[in-house]
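Some notes on the structure that comes next.
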Amino acid sequence: LSFSEILDTSLKVSWQEPGEKNGILTGYRISWEEYNRTNTRVTHYLPNVTLEYRVTGLTALTTYTIEVAAMTSKGQGQVSASTISSGVPPELPGPPTNLGISNIGPRSVTLQFRPGYDGKTSISRWLVEAQVGVVGEGEEWLLIHQLSNEPDARSMEVPDLNPFTYYSFRMRQVNIVGTSPPSQPSRKIQTLQAPPDMAPANVSLRTASETSLWLRWMPLPEMEYNGNPESVGYKIKYSRSDGHGKTLSHVVQDRVEREYTIEDLEEWTEYRVQVQAFNAIGSGPWSQTVVGRTRESVPSSGPTNVSALATTSSSMLVRWSEVPEADRNGLVLGYKVIYKEKDSDAQPRFWLVEGNSSRSAQLTGLGKYVLYEVQVLAFTRIGDGSPSHPPILERTLDDVPGPPMGILFPEVRTTSVRLIWQPPAAPNGIILAYQITHRLNTTTANTATVEVLAPSARQYTATGLKPESVYLFRITAQTRKGWGDAAEALVVTTEKRDRPQPPSRPVVQQEDVRARSVLLSWEPGSDGLSPVRYYTIQTRELPSGRWTLHSASVSHNASSFIVDRLKPFTSYKFRVKATNDIGDSEFSEESESLTTLQAAPDEAPTILSVTPHTTTSVLIRWQPPAEDKINGILLGFRIRYRELLYEGLRGFTLRGINNPGATWAELTYL
């Protein structure tokens, strides 16, 4: 709004279109009245193209209020108004004075002031300018607030300030002619503290390990602290994405910190994480949620509901349910059934079941009527998990027994013999009876004597025999499944018996030497008229080992035997003795010393650590296997490595699981 051509009885009013029309302008309304005398009001309506109007019929030297408003079809808009004295041209106003500041808050203050000279017309706007921050001489003044259409104002609220910030204010007043010079600056004040307004930006979450995640964020800019910098820090809250468990939090008391590793998480679990800034007054908004998953590990428990059912005398069916989800710690790729004879020192055996869909396995090749301990474990690509606990016990079904053992004839007369025996090494069930048959060991003998004895019997005397004759004895055991294989032994009805002579010096051909076994051969000595019942083999580890028993049940008709359970790349000597019903022979002469072949090491090296070394290399430290597990001359080590692929940050894929072309890379260090 502006005035020109101001005469005693008329003046010209000019204006511009409103900045915000909010529709199609239909016209303008202009009104005037003597100052504070509404009964003198005159109103005219003007078309929408009119931007000036000459007001006439005024009284000389009288103050008038003149208003102009624009209109749309919805009605009249805001009024622009000013006062003017007829015949007195208005002038530029003077600056306000006496600036005072009160009600200092975090984001607003109240300014009190005394208006300056009004320039003989009403003040249409008050302007507030400020120097922000640490105030110096050359700092620029910024317009930060204005108040319109309140000519009688003596104070005002200045909003939209920044918390914990220094300000100095000055004011100007505006009338129809223009803007006054600035007032004197106010005193410097500092707004109060407030919680931060913004969340940390660029929040990201990476997998750090099986139980930790690495969180990063952009620290708040200093101007966003809204408070004392010493009090600024960050709060992190995190919880499982599936809603299980509590929401946990951690406080970082450092305003420039930009990362934190969240520890003690569950393996192979997705977490939701947010971060917020705080100061002494309170906390700001939470950042957007980021999601990350910890790395895979091995299952921390075995499958549930493990059961075993014997199906034959040498097989059983093992069934199980899944590992509880919380304990899987990764993608289960398959299962292993662990089984061994109860109370035996043998190493457990493993039956592999690949794939996660199968929940049963038929174990075969088991011992007959043997009690087994059975456990099941699940494995991920990281390795084997914990086995199910406690072990399940199941016995294979019974079968016909093996032959009785250790037949000896401690008493031999010309017409009678007494024999003793031990139960079968493989009873394959509960022994119900023994059956003993004997006859002359001639091709023409066609009558045999048969005797059935109780299961507790361990000896039998046969009478009515022919002197100086060879008899064949057969003994067999019975379970509920039937009679088993027979053990046979010859005996001579004579009283001239003696201990056998020792076998010849045992020999080993070089082509019969292996890493863990050799083929030992010998010639029998004289049997002393009492048939040899078995041979005993002893071994001695050089240079300083003692003679130890390897086997005391080598067949009586054997002249060679595979000596196994030897250590690779180790020197040995061997000796043999024969046993008949009278007793043991002397040991044979010792064999020549020989060295078993080398074998692959029995134990893997132990990886002590793998640490990042540069951006494209890692440093691996390991400990070699124990000396007695190397099984030869150590030539070097081979390192295998493969890349674990991230699928974004949500999980992993491994190129080796379903892609046969993906292999381990190998390095060999000699």
Side-chain angles (χ1 to χ4, degrees), residues 196 198-220 232-278 283-301 322-333 356 378-383 385-386 609-616 618 641-659 662:
M198 66 181 283
N202 296 0
V203 182
S204 67
L205 192 61
R206 289 289 300 267
T207 301
S209 75
E210 292 85 350
T211 57
S212 60
L213 292 169
W214 185 41
L215 181 70
R216 300 192 72 189
W217 63 89
M218 185 77 75
L220 251 52
V232 174
Y234 300 95
K235 184 176 181 184
I236 297 155
K237 74 171 176 181
Y238 53 97
S239 62
R240 291 175 56 139
S241 295
D242 58 14
H244 296 326
K246 297 179 184 162
T247 298
L248 300 170
S249 63
H250 179 81
V251 172
V252 177
Q253 290 285 8
D254 184 346
R255 64 181 179 276
V256 295
E257 188 59 72
R258 54 179 62 229
E259 61 183 52
Y260 178 69
T261 302
I262 307 170
E263 304 276 6
D264 299 326
L265 304 177
E266 295 284 332
E267 298 95 333
W268 191 242
T269 303
E270 191 175 88
Y271 284 86
R272 303 163 63 89
V273 183
Q274 288 176 284
V275 59
Q276 70 178 177
F278 65 83
S283 300
W286 287 105
S287 69
Q288 285 194 309
T289 302
V290 287
V291 174
R293 189 185 273 281
T294 48
R295 198 171 289 161
E296 267 189 288
S297 182
V298 298
S300 46
S301 77
E322 288 189 301
V323 178
E325 190 172 2
D327 294 338
R328 286 179 206 159
N329 303 340
L331 202 59
V332 172
L333 300 181
N356 193 7
F379 60 89
T380 64
R381 68 198 180 113
I382 305 298
S386 304
S609 66
V610 182
T611 50
H613 189 58
T614 70
T615 54
T616 57
V618 294
Y641 60 95
R642 62 183 175 185
E643 183 180 358
L644 290 180
L645 289 184
Y646 289 95
E647 191 179 271
L649 294 176
R650 305 283 304 219
F652 310 99
T653 56
L654 173 60
R655 277 182 287 195
I657 295 175
N658 299 318
N659 175 0

Problem - Greater than 12 external heavy atoms within 6.0 Å of Met198's CE - result: yes
Exercise for the section: Quick one: closest heavy-atom pair of Leu220 and Tyr234, and the distance? Expected result: N-OH, 2.9 Å
Exercise for the section: Measure the shortest side-chain to side-chain distance between Arg293 and Trp268 over non-hydrogen atoms and say whether it is less than 4.5 angstrom. Expected result: yes
Exercise for the section: State which residues pass salt bridge (Lys or Arg N to Asp or Glu O under 4.0 Å) with Asp242; sequence neighbours excluded, sorted by chain then number. Expected result: Arg240
Practice task
Sequence neighbours left out, what passes side chain to side chain contact (heavy atoms under 4.5 Å, CB included) with Val256? Give chain and number order.
Solution key: Asp254
Exercise for the section: Applying salt bridge (Lys or Arg N to Asp or Glu O under 4.0 Å), name anything that partners Arg216, two or more places apart in sequence or on another chain. Expected result: Glu259
Exercise for the section: Please report the shortest heavy-atom distance between Val291 and Leu205, naming the atom on each side. Expected result: C-CD2, 3.7 Å
Completion exercise
Heavy-atom nearest pair, Ser239 first then Thr247, reads CB-OG1, 3.6 Å
Problem - Heavy atoms of other groups near Arg255 CZ, more than 12 under 6.0 Å - result: yes
Problem - Heavy atoms of other groups near Lys237 NZ, more than 12 under 6.0 Å - result: yes
Problem - Residue list, side-chain hydrogen bond (donor to acceptor under 3.5 Å, both in side chains) with Tyr260, at least two apart or on another chain - result: His250
Problem - Flag for Ser241-Glu270: side-chain donor and acceptor within less than 3.5 Å - result: yes
Exercise for the section: Report the residues that fulfil side chain to side chain contact (heavy atoms under 4.5 Å, CB included) with Pro324, sequence neighbours left out, ordered by chain and then residue number. Expected result: Ser301, Thr304, Asp327
Handout entry: side-chain hydrogen bond (donor to acceptor under 3.5 Å, both in side chains) involving Ser212 - partner list, sequence neighbours excluded
Key = Ser209
